[in-house]
Amino acid sequence: MKHRGYYGEFGGCYVPEILTSTIEQLDEAFCAARSDPAFWAEYVRIMGEYSCRPTPLTYAENLTRHFGGARIYIKREDLNHTGAHKANNVMGQGLLVRRMGKKRVIAETGAGQHGVATATMAARCGFSCTIYMGALDVMRQRPNVFWMERLGARVVAVNEGSRILKDAINEALRDWVTNMDDTHYVLGTACGPHPFPEMVAWFQSIIGREAREQIQRLTGSLPKRIYACVGGGSNACGIFLPFIDDDVELVGVEAGGRGVATGQHASRLSAPGAAVGVAQGYKTFFLQDGDGQMRETHSVAAGLDYVGVSPILADLHRQGRVRFESATDTEVVQALELTMRAEGLIPALESSHAFVQAFKEAPRMSPDESIIINQSGRGDKDIFTVADAFQDPAWRDFITDTARRYANA
Ligand SMILES: *Cc1c(COP(=O)(O)O)cnc(C)c1O
């Protein structure tokens, strides 16, 4: 257990003694599943029937013409059930839970997307489901809380600490320690203690495996560069890792928020300011202040607003194998608008970070070269934020009018 689960100096498994045997059991189940070709085949079959796999690789003809450089292809993870790549991870873990014979799942969620994905999986697999969410997030993310509850999950509002994601993670771990025998913790990204980073990245690698085959079929060769946004790092690991031994440049794009100079961002690898530390069960770069306290992060995209980052990506950063950039909130909204107008696609604000960097680089590349942008999710969920960013007056009337009707009812 000591040497596995490290990526250079990053990763590891820093959990309370009491969880060791549960984590070991999970690791064994994962290793057995991974070496059983029937397990992956079953996973691919279910993702085809229940979600939308293989997701298409769309040639963005109009954006390509607009920039006049590299040919732009978009991997369409937005077409998954519940609207993002998160479906890949939760369904994979669901199959593993079934194999382990457990009957209950728990998860942490910040913006609520992972909570909704987990609740759909639990409903489909017949598991009981509890979702931990900071009390502030429960208030801010009412639409997702609504869906989780309708899907049969119990949503627990966590009133500890700052009442946000990190407090929800602590509470979920506390639950797991108490109920290990029948409960699995469905971690939402390629972070946390081993074997979670490896396991989540493995399920998400379905993205890159498909994209590799698709781009070769469409263009006869591999892409020059691949762009993915980076929150915890699961969609980036998913599309990058199947290309890791190829001559393909990999670019991860973090949340630049109001600009990295303002301190209001979530750029851990693309800007100075993060330091290596151990928290939440693993070792990586965390945004922390001088005393080692976790810093507040900011992004227009709730899914990128996280203090840590996958240990797999931290190591690829240190090796120089993946290049990290950041995109500001303003750039992100502009790239989203251009993509909507040019292609009729509505990328999530998270995904739009990858589009920003691709749009900066594509014009300087040759039409013989192709690039892939991972559209990790769809933007419908972002209507509140995007309508505000465009200062849409009719939207504002709609909200105030709805509020007035409720107040009078
Ligand atoms: C959650 C989310 C992300 C960030 O998570 P990663 O683990 O970094 O992939 C990115 N895009 C979308 C659409 C998301 O919902």
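We count ligands from 1, going down the list as the structure has it; atoms in each ligand are counted the same way. For the numbers below, each heavy atom of this structure counts, side chains included, while hydrogens, waters and symmetry mates do not.
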Item checked: Electrostatic pair R53:E77 at N-O distance under 4.0 angstrom -> yes
Checklist line | Per-atom contacts of ligand 1 with G303, taking only distances under 4.0 Å to non-hydrogen atoms | finding: 4 (C)
Next item on the list: State the atoms of ligand 1, each with its element, that fall below the 4.0 Å cut-off from a heavy-atom position in A348.
Entry: 13 (C)
Item checked: Numbered atoms and elements of ligand 1 in range of G231, under 4.0 angstrom, heavy atoms -> 8 (O)
Item checked: Any N/O pair G232/ligand 1 closer than 3.5 Å -> yes
Note to self: Does this structure show an ion pair linking R140 with D137, if we count only N-O contacts that are shorter than 4.0 Å?
What the structure shows: yes
Notebook entry, point to check: Taking only heavy atoms of G377, which atoms of ligand 1 are found under 4.0 Å from at least one of them?
Noted result: 13 (C)
Next item on the list: Have a look at ligand 1 and work out which part of H85, if any, has a heavy atom under 4.0 Å from it: side chain, backbone, both or neither.
Entry: side chain
Next item on the list: Have a look at Q113, H353, K86 and point out the one with the heavy atom closest to atom 14 (C) of ligand 1.
Entry: K86
Notebook entry, point to check: Tell me, which protein residue and heavy-atom name are nearest atom 6 (P) of ligand 1, and how many Å apart are they?
Noted result: S234 N, 3.4 Å
Check: Do the charged groups of E210 and R76 touch, with an N to O distance under 4.0 Å?
Finding: no
Check: At what distance is the nearest protein heavy atom to atom 12 (C) of ligand 1, and which residue and atom is it?
Finding: S376 OG, 3.5 Å
Throw together a table of side-chain donor-acceptor distances under 3.5 angstrom for residues 252-262, partners on residues two or more places apart or in other chains.
| unit_1 | atom_1 | unit_2 | atom_2 | d |
| --- | --- | --- | --- | --- |
| E254 | OE1 | R268 | N | 3.1 |
| E254 | OE1 | L269 | N | 2.9 |
| E254 | OE1 | S270 | N | 2.8 |
| E254 | OE1 | S270 | OG | 2.7 |
| E254 | OE2 | R268 | N | 3.1 |
| E254 | OE2 | R268 | NE | 3.1 |
| E254 | OE2 | R268 | NH2 | 3.1 |
| E254 | OE2 | L269 | N | 3.1 |
| R258 | NH1 | Q264 | OE1 | 3.1 |
| T262 | OG1 | G259 | O | 2.6 |
| T262 | OG1 | Q264 | N | 3.0 |

Check: Taking the six-membered ring for Trp, are the ring centroids of W395 and F390 within less than 6.0 Å of each other?
Finding: no
Margin query: Distance under 4.0 Å to a non-hydrogen atom of G233: what atoms of ligand 1 satisfy this?
Written below: 6 (P), 7 (O), 8 (O)
Notebook entry, point to check: So, for S51 and N80, which heavy atoms are closest and what is the spacing to 0.1 Å?
Noted result: OG-OD1, 2.7 Å
Determine all donor-acceptor pairs shorter than 3.5 Å in which one atom belongs to a side chain in residues 118-128; sequence neighbours excluded.
| unit_1 | atom_1 | unit_2 | atom_2 | d |
| --- | --- | --- | --- | --- |
| T118 | OG1 | H114 | O | 2.8 |
| T120 | OG1 | A117 | O | 2.6 |

Note to self: Only heavy atoms of T189, strictly under 4.0 Å: list the atoms of ligand 1 that pass.
What the structure shows: 6 (P), 7 (O)
Next item on the list: Could you tell me whether E198 and R4 make a salt bridge, using a distance below 4.0 angstrom between a side-chain N and a carboxylate O?
Entry: yes
